[in-house]
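In what follows, chains carry the letters A, B, and so on, assigned in the order in which the sequence lines appear, proteins first and then strands, with residues in each chain numbered from 1. Being a predicted model, the structure only gives us computed values, none of them experimental. All values below come from the heavy atoms of this structure, side chains included, with hydrogens, waters and symmetry mates left out.
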2 protein chains.
Amino acid sequence: MRVPLYQAKAELFRTLGHPARIRILELLSERDHAVHELLAAIELEASSLSQQLAVLRRTGLVRQQRIGGEVVYSIVVPATIDLLSAGRNVLRAVLADQDHLAEQLDPPPSPSTKGARRPATAPLTPRRKTRSA
Amino acid sequence: MRVPLYQAKAELFRTLGHPARIRILELLSERDHAVHELLAAIELEASSLSQQLAVLRRTGLVRQQRIGGEVVYSIVVPATIDLLSAGRNVLRAVLADQDHLAEQLDPPPSPSTKGARRPATAPLTPRRKTRSA
DNA sequence: TGACCAATTGCGCAACCTTTCAAGTCTGGC
DNA sequence: GCCAGACTTGAAAGGTTGCGCAATTGGTCA
């Protein structure tokens with residue numbers, strides 16, 4: 001595979017770019033889980049969960065094995081745990097940086113809901129532009 | 001919102017889920033770059049590059065500042081470099097794991113054992129068509 | 001001031017991802 | 001053998017993303 005390995009890297013990160021998949025990996029970081037256990041821990045429909053598991057399987061991040069009547073998933077590469085951890089670090093730093101910036105601005109807007117740190121300077125949310133169809 | 005956390009993490013990873021953005025971050029990991037420098041290093045149209053930079057800016061991973069006649073970008077959070085590094089580690093391990101499996105599949109299929117399961121491991125290869133690379 | 005250059009933004013189209021419903025496979029128990 | 005439970009797969013709908021072109025903005029320099 002000599003195609004730009006940027007492609008491969010991007011694909012790896014994109015695989016982690018889904019809340020359910022992140023959560024699955026975090027659960028599997030603690031210990032192996034059967035599908036129905038994951039299902040109980042994550043609010044998701046069975047088929048959706050299965051789809052996400054398939055994505056993780058396809059990129060080689062997790063492995064499945066049948067044990068009796070259930071299918072148990074486990075992490076293939078331990079380094080994955082470090083990757084998740086590194087992600088948390090970056091997220092923490094970015095949010096801290098944004099809060100820091102926020103403090104230098106005028107008093108905050110109407111705080112109807114707290115707990116959400118999203119300074120207008122650089123919201124972590126993607127784009128929400130015109131909606132008209 | 002009890003758990004916008006996974007959402008935020010997923011967004012962070014998804015931000016890295018694009019070849020151009022990975023490449024940009026890797027270049028910026030070495031040193032600050034002006035936009036035209038990035039443009040020279042990455043095969044991409046100016047407007048596309050600008051859009052990817054905007055994505056990175058929105059998530060707070062990079063910062064822009066005007067210096068003379070050019071705009072210079074730099075990494076905001078140093079931990080980002082570690083994140084990229086962690087990604088490389090995982091990718092390396094996953095690919096190694098797949099190669100390892102591939103070696104065991106060399107002999108042609110002679111299925112006779114009932115308990116044998118299918119490989120269940122697909123290469124990291126994308127099915128998406130690459131229009132240019 | 002006005003020409004110019006570096007970057008960015010708006011927009012339409014095509015490709016892509018996620019969710020959901022329906023149907024299928026595999027195991028163990030009756 | 002047949003049924004129920006645990007999972008997976010296939011396909012369609014709906015929303016989102018990325019790319020290239022054209023149009024603009026912001027700033028520098030003659």
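- With distances taken from any side-chain atom of S50(B) to the nucleotides dC17(C), dT8(C), dG18(D), the minimum falls on dT8(C).
- Residue H36(A) has its side chain nearest to dA6(D) when only dT8(D), dA6(D), dC19(D) are considered.
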Show me the donor-acceptor pairs within less than 3.5 Å that the side chains of residues 84-92 of chain A make with the rest of the protein, sequence neighbours left out.
from   : atom 1 : to     : atom 2 : distance (Å)
R88(A) : NH1    : E26(A) : OE2    : 3.0
N89(A) : OD1    : R92(A) : NH1    : 3.0

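- Looking at the side chain of A54(A), the nearest of the listed nucleotides dC19(D), dT9(D), dT8(D) is dT9(D).
- Taking 4.0 angstrom as the limit, R57(A) places a side-chain polar atom (N or O) nearer than this to OP1 or OP2 of dT9(D).
- Counting side-chain heavy-atom gaps under 4.5 Å among Ile, Leu, Val, Met, Phe, Trp and Tyr, the cluster of I67(B) also holds V72(B).
- For R63(B), the side-chain contact (heavy atoms from CB on, under 4.5 Å) partners at least two apart in sequence or on another chain are S74(B), V76(B).
- Residues V77(A) and L61(A) have side chains not in contact (no heavy-atom distance under 4.5 Å, counting atoms from C-beta outward).
- In this structure, the CD atom of Q52(B) is 15 Å from the C1' atom of dA7(C), given to the nearest Å.
- Comparing V55(A) and G68(A) by the nucleotide of DNA chain C whose heavy atom lies nearest to each, the residue mapping closer to the 5' end is V55(A).
- Remark: C1' of dG18(D) and CD of Q7(A) are 13 Å apart, rounded to the nearest angstrom.
- Put simply, the side chain of S29(B) gets close to the backbone of L25(B): a donor and an acceptor are under 3.5 Å apart.
- Counting to the nearest Å, the C1' atom of dA6(C) and the CD atom of E37(B) are 13 Å from each other.
- Nearest to the side-chain atoms of V35(A) among the listed nucleotides dT9(D), dC7(D), dA6(C) stands dC7(D).
- Remark: A10(B) engages P19(A), I22(A) in a side-chain contact (heavy atoms from CB on, under 4.5 Å) (not counting sequence neighbours).
- The CG-P distance, from L44(B) to dA7(C), rounds to 14 Å in whole Å.
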Ignoring hydrogens and angles, write down the donor-acceptor pairs under 3.5 Å from the side chains of residues 33-40 of chain A, residues two or more places apart or on other chains.
from   : atom 1 : to     : atom 2 : distance (Å)
H33(A) : ND1    : L27(A) : O      : 3.4
H33(A) : ND1    : R31(A) : O      : 2.7
H33(A) : NE2    : R31(A) : NH2    : 3.4
H36(A) : NE2    : E70(A) : OE1    : 2.7
E37(A) : OE1    : A34(A) : N      : 2.7

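- Rounded to an integer number of Å, the gap from I24(A) CD1 to dT8(D) C1' is 14 Å.
- Two residues, G17(A) and G69(A), neighbour DNA chain C, and the one matched to the more 5' nucleotide by heavy-atom proximity is G17(A).
- Phosphate proximity of dT19(C) to H18(A): present, with a side-chain N or O under 4.0 Å from OP1 or OP2.
- Taking 4.0 angstrom as the limit, Q64(B) places a side-chain polar atom (N or O) nearer than this to OP1 or OP2 of dT8(C).
- Atom P of nucleotide dT19(C) and atom CG of L53(A) are separated by 13 Å, given to the nearest angstrom.
- Checking the phosphate oxygens (OP1, OP2) of dC17(C), a side-chain nitrogen or oxygen of R14(A) falls inside 4.0 Å.
- A sub-4.0 Å separation between OP1 or OP2 of dA6(C) and a side-chain N or O of Y73(B) is absent.
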Pairs under 3.5 angstrom, nitrogen or oxygen only, protein versus nucleotides 21-25 of chain C, please.
from    : atom 1 : to     : atom 2 : distance (Å)
dC21(C) : N4     : S47(A) : OG     : 3.1

